[in-house]
Asker: 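Before anything else, here's the structure in question.
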Protein chains: 2
Amino acid sequence: MVSNRQKQILKAIIDLYVETAEPISSKALAEYMNLGLSTATLRNEMAVLLEQGYLEQPHTSAGRVPTHKGYRLYVNELMHAYHITKEDTEAVQSALQAQQQSLSPSYFSPPELDHLLNEASRALSALTRYTAITVSTKLNGMMEIRRIDIVICDDITFVFVVVLGAGVVRNKLYRMIHPVPRQQAEDLAALLNRVLAGTRPGEITPLQITILESTTEEGTKELLAAAIDFLKELSMEIYEQDIRLKGEGNLLDYPEYQDVGKARELLDFLGESAATSWLPLPTTSSVVFRIGNENLAKPLQEASLIVARCPLAGGNTGYVGIVGPTRMHYPRLAARLSFFAKGLTRMLQDIIDEDDTDRPENTPPPTREKQGEEPN
Amino acid sequence: MVSNRQKQILKAIIDLYVETAEPISSKALAEYMNLGLSTATLRNEMAVLLEQGYLEQPHTSAGRVPTHKGYRLYVNELMHAYHITKEDTEAVQSALQAQQQSLSPSYFSPPELDHLLNEASRALSALTRYTAITVSTKLNGMMEIRRIDIVICDDITFVFVVVLGAGVVRNKLYRMIHPVPRQQAEDLAALLNRVLAGTRPGEITPLQITILESTTEEGTKELLAAAIDFLKELSMEIYEQDIRLKGEGNLLDYPEYQDVGKARELLDFLGESAATSWLPLPTTSSVVFRIGNENLAKPLQEASLIVARCPLAGGNTGYVGIVGPTRMHYPRLAARLSFFAKGLTRMLQDIIDEDDTDRPENTPPPTREKQGEEPN
DNA sequence: TATTAGCACTCATGCTTCATGAGTGCTAAT
DNA sequence: ATTAGCACTCATGAAGCATGAGTGCTAATA
């Protein structure tokens, strides 16, 4: 049981500790809280919190430091909503706008998205002074195939080109063993369009495959197999995540990582890990925290993660987050992160909208439901 | 003037210092060199080298440490060629082969090259225990255009697809203000092929542009402008460099970067710098060194760079290198780097060759001169 | 003339000691 | 339930000191 007053004390300790990075004494706390309470009373309460595992002592005659459990209680119940300042707003917006300008309005390709998110990471790490993480799927699973084409290089070399929604284009070159006559390749392209246009790569049905296979003449079986291979690869990409880290050096600013050994351990882990297994991905629009030993990975045991969801074009989801020592200003960072994620979403939405507004009549209508939002 | 014996002493000091990371005393030197010379003699010689600026003393009663000037003399004149060990060879080869397997034989696209070089950087940093750098141009300037196609999405939306040598494909989506009839777009694609196939993107002549413009009818002027814009963008990419860094954390292993401030300065610089302005790019096949204060960038003043050239497909050039404290084993690292670069070149050459051997008859013959090498 | 033995001098390093004071836990008074 | 008071703990930093590795210089030696 934690009394209300104890919670207030815990909150004050954490707020103060986050600021000073030094163990909090009963005296400092009394001054900071400015209630009518004496240090002795606070010491008693602190002793209870210590007993319950919300605080710990570096050594007998030192102040108290929050434990991971303490931080957890803090983010769950105690922290105030942080109202981002005008400076925050402006910093985020100017950072995003700088990126937006570099995007040509009529064009949006995966490497460009990659570059954009790279820059966004950079901006985020500069903004928060922590190491920034962004995650996105390689391919947006909600985009349907608009068009498939086969570029014929020679009679055994073909490039499949798939144009998806929002101007995303993917291609892959295949080389056949047996030559394929030009006409047959063109026929196959037409067939692929007929059968697959309007479908999402992840949602191609066995029925469609069957139709393709049964309609295809003998000479293009190999080419069709290549096409199916390509589409399968595309559909895999929907589940592959791109992860980017920026501002690793920021960690070295914090007293927690003055020990080079600690810093190296974490930096190595972050550098090696292409996987997102250690990253909590929030399923709602709220920010998620993973504090200290809540992390399974050893190098993260003394670190915290804050991650926000960031809806990208057409129902796809990206994530932005930060890593740092457990002693971080959770409410402020959560607010900034959330604001940043929203800004990024809006910005990408703008681009997509621009691309989708004048959807032509001769392409199949989108099957997806639009979210009910006011048009821009 | 530096006598021969002084050079030998300098060499020994550097070799020993690289190993121990501690100032070298006359006694340690005498033991290490094992000539019949007394410590007093060595001290005299060391005093001369100190005077000449090849050595310095941390404090009066301490051993000697090589200066940047000392290292420079060392790499220029003193160091022995290092013969890489069997372990080195095997490590490099297994690292490269691991990558090679992940490449599908018939397919080679820019993101895949990017991924490959990323992995190569990783392998290099693991191999050398330094921070690895790889540089490549975004587009190989020697590849000629094999085919241009226009994928028609609707009457105002078009995707240009350019297939270059070695299976590299680029595309870009454009949106017109005025609709373009299907037939006209197809005509333009045919025209573009006729005029530009076989040309390198960087070598499109004003004459070719003129031909295109004069042949094009009024309705496709806008589309042609888009095409030219795209080609211009491609030709720009030839001069844009992609730079990748891996293993930043390795730096923290060295005593030189135990000071977090120093480490942060360098890591920040490396993380920020997308530019290659600070990286020496060798013009010959030999390895280039940039030692300590030979670097203009302040954060690199205490660091050294070693860079090897790495010819990529078709006359294009990439670079691989490492960064670390000035105290590094120059001959060994140079040898490893050089070997690594050669391995990478050979591996990419294999892929390209495989792609070029069966060059079809119906594409124009290459205009480039082949280097006189035995076929694989 | 080149080398070396000898010696005084320097100075980083690590150890101990010591004083300081911030901070605690506990007890008894309010 | 709160608090004043007090003895106790212990990190911190300064000061002093011994140690010894390493030097520069001089004079002897080959």
Side-chain angles (χ1 to χ4, degrees), chain A residues 1-10 12-17 19-67 70 255-256 258-259, chain B residues 1-10 12-17 19-67 70 255-256 258-259:
Chain A
M1 271 303 80
V2 186
S3 76
N4 238 339
R5 192 173 70 179
Q6 281 159 4
K7 285 184 185 171
Q8 285 319 302
I9 288 171
L10 178 60
I13 289 176
I14 289 180
D15 286 338
L16 203 49
Y17 180 64
E19 211 177 295
T20 63
E22 271 166 20
I24 305 305
S25 70
S26 51
K27 181 160 165 256
L29 189 61
E31 279 164 18
Y32 180 74
M33 295 189 75
N34 205 24
L35 306 172
L37 292 174
S38 76
T39 61
T41 311
L42 291 173
R43 274 207 295 283
N44 286 334
E45 296 286 49
M46 283 160 96
V48 177
L49 288 168
L50 184 77
E51 183 125 356
Q52 308 233 23
Y54 296 104
L55 295 178
E56 62 189 352
Q57 273 179 305
H59 53 267
T60 340
S61 71
R64 305 312 209 295
V65 163
T67 61
E256 283 84 347
Q258 287 309 97
D259 173 23
Chain B
M1 272 305 80
V2 187
S3 75
N4 239 338
R5 191 172 70 179
Q6 280 158 4
K7 285 183 184 171
Q8 285 319 302
I9 289 172
L10 178 60
I13 290 176
I14 289 180
D15 285 339
L16 202 50
Y17 180 65
E19 211 177 294
T20 62
E22 270 166 20
I24 306 303
S25 71
S26 51
K27 182 160 165 253
L29 189 61
E31 279 163 17
Y32 180 73
M33 294 190 75
N34 205 24
L35 306 172
L37 291 175
S38 76
T39 61
T41 312
L42 292 174
R43 273 206 294 283
N44 286 333
E45 296 287 47
M46 284 159 96
V48 177
L49 288 168
L50 184 77
E51 183 125 356
Q52 308 232 24
Y54 295 104
L55 295 177
E56 61 189 353
Q57 273 180 304
H59 53 267
T60 338
S61 71
R64 305 314 210 295
V65 163
T67 61
E256 283 84 347
Q258 286 310 96
D259 173 22

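Chain naming here is simple, since letters A, B, ... match the order of the sequence lines and numbering starts at 1 in each.
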Asker: Does any non-hydrogen side-chain atom of A:Leu29 lie less than 4.5 Å from one of A:Arg64?
Answerer: no
Asker: Looking at A:Asn4, A:Val2, A:Leu10, which one forms a side-chain contact (heavy atoms from CB on, under 4.5 Å) with A:Gln6?
Answerer: A:Val2
Asker: Roughly how far, to the nearest 0.5 Å, is the CE atom of A:Met33 from the CG atom of A:Leu42?
Answerer: 7.0 Å
Asker: Output the rounded distance in Å from CG (B:Leu55) to P (D:dG24).
Answerer: 11 Å
Asker: Test side-chain contact (heavy atoms from CB on, under 4.5 Å) on A:Asp15 and A:Tyr32; report intermediate values, then the result.
Answerer: CA-CA 10 Å; A:Asp15 286 338; A:Tyr32 180 74; 3.5 Å; yes
Asker: Measure CG/B:Leu50 against C1'/D:dC25 and give the value in whole Å, please.
Answerer: 15 Å
Asker: Hey, what do you get for CZ (A:Arg43) to CG (A:Leu50), rounding to the nearest 0.5 Å?
Answerer: 13.5 Å
Asker: Can a donor-acceptor pair be found, under 3.5 Å and without considering hydrogens, that links the side chain of A:Thr39 to the backbone of A:Ser26?
Answerer: no
Asker: Could you state the atom-to-atom distance from CG of B:Asn44 to C1' of C:dG6 in whole Å?
Answerer: 14 Å
Asker: Round to the nearest Å and state the distance from A:Leu35 atom CG to D:dT3 atom P.
Answerer: 10 Å
Asker: Under a 3.5 Å cut-off on both pairing distances, which runs of 3 or more consecutive Watson-Crick or G-U pairs involve DNA chain C?
Answerer: C:1-30 with D:1-30
Asker: Can you tell me how far C1' of C:dT1 sits from CZ of B:Arg5, to the nearest Å?
Answerer: 12 Å
Asker: Please state how far atom CD in A:Glu45 lies from atom P in D:dT2, giving the value in whole angstrom units.
Answerer: 7 Å
Asker: 5'-most contact on DNA chain C: B:Thr39 or B:Pro58, nearest heavy atom basis?
Answerer: B:Thr39
Asker: For the pair made of CG in A:Leu42 and P in D:dA1, what is the distance, rounded to whole Å?
Answerer: 16 Å
Asker: So which heavy atom on B:Pro66 is nearest to which on B:Glu56, and how close?
Answerer: O-OE2, 4.4 Å
Asker: Grab the CG-C1' distance between A:Leu37 and D:dA4 for me, whole Å please.
Answerer: 15 Å
Asker: Below 3.5 Å is the cut-off: list the nitrogen or oxygen pairs between protein and nucleotides 19-24 of chain C, distance only.
Answerer:
residue: C:dT24; atom: OP1; partner: A:Ser26; partner atom: N; Å: 3.4
residue: C:dT24; atom: OP1; partner: A:Arg64; partner atom: NH1; Å: 3.3
residue: C:dT24; atom: OP2; partner: A:Ser26; partner atom: N; Å: 3.2
residue: C:dT24; atom: OP2; partner: A:Ser26; partner atom: OG; Å: 2.7

Asker: If you only use heavy atoms from C-beta on, which nucleotide in D:dA11, D:dA4, C:dA5 is closest to the side chain of A:His59?
Answerer: D:dA11
Asker: CG/A:Leu37 to CZ/A:Arg5 distance, rounded to the nearest 0.5 angstrom?
Answerer: 5.0 Å
Asker: If you look at every heavy atom in A:Ile13 and A:Leu55, which pair is closest and at what distance?
Answerer: CD1-CD1, 3.6 Å
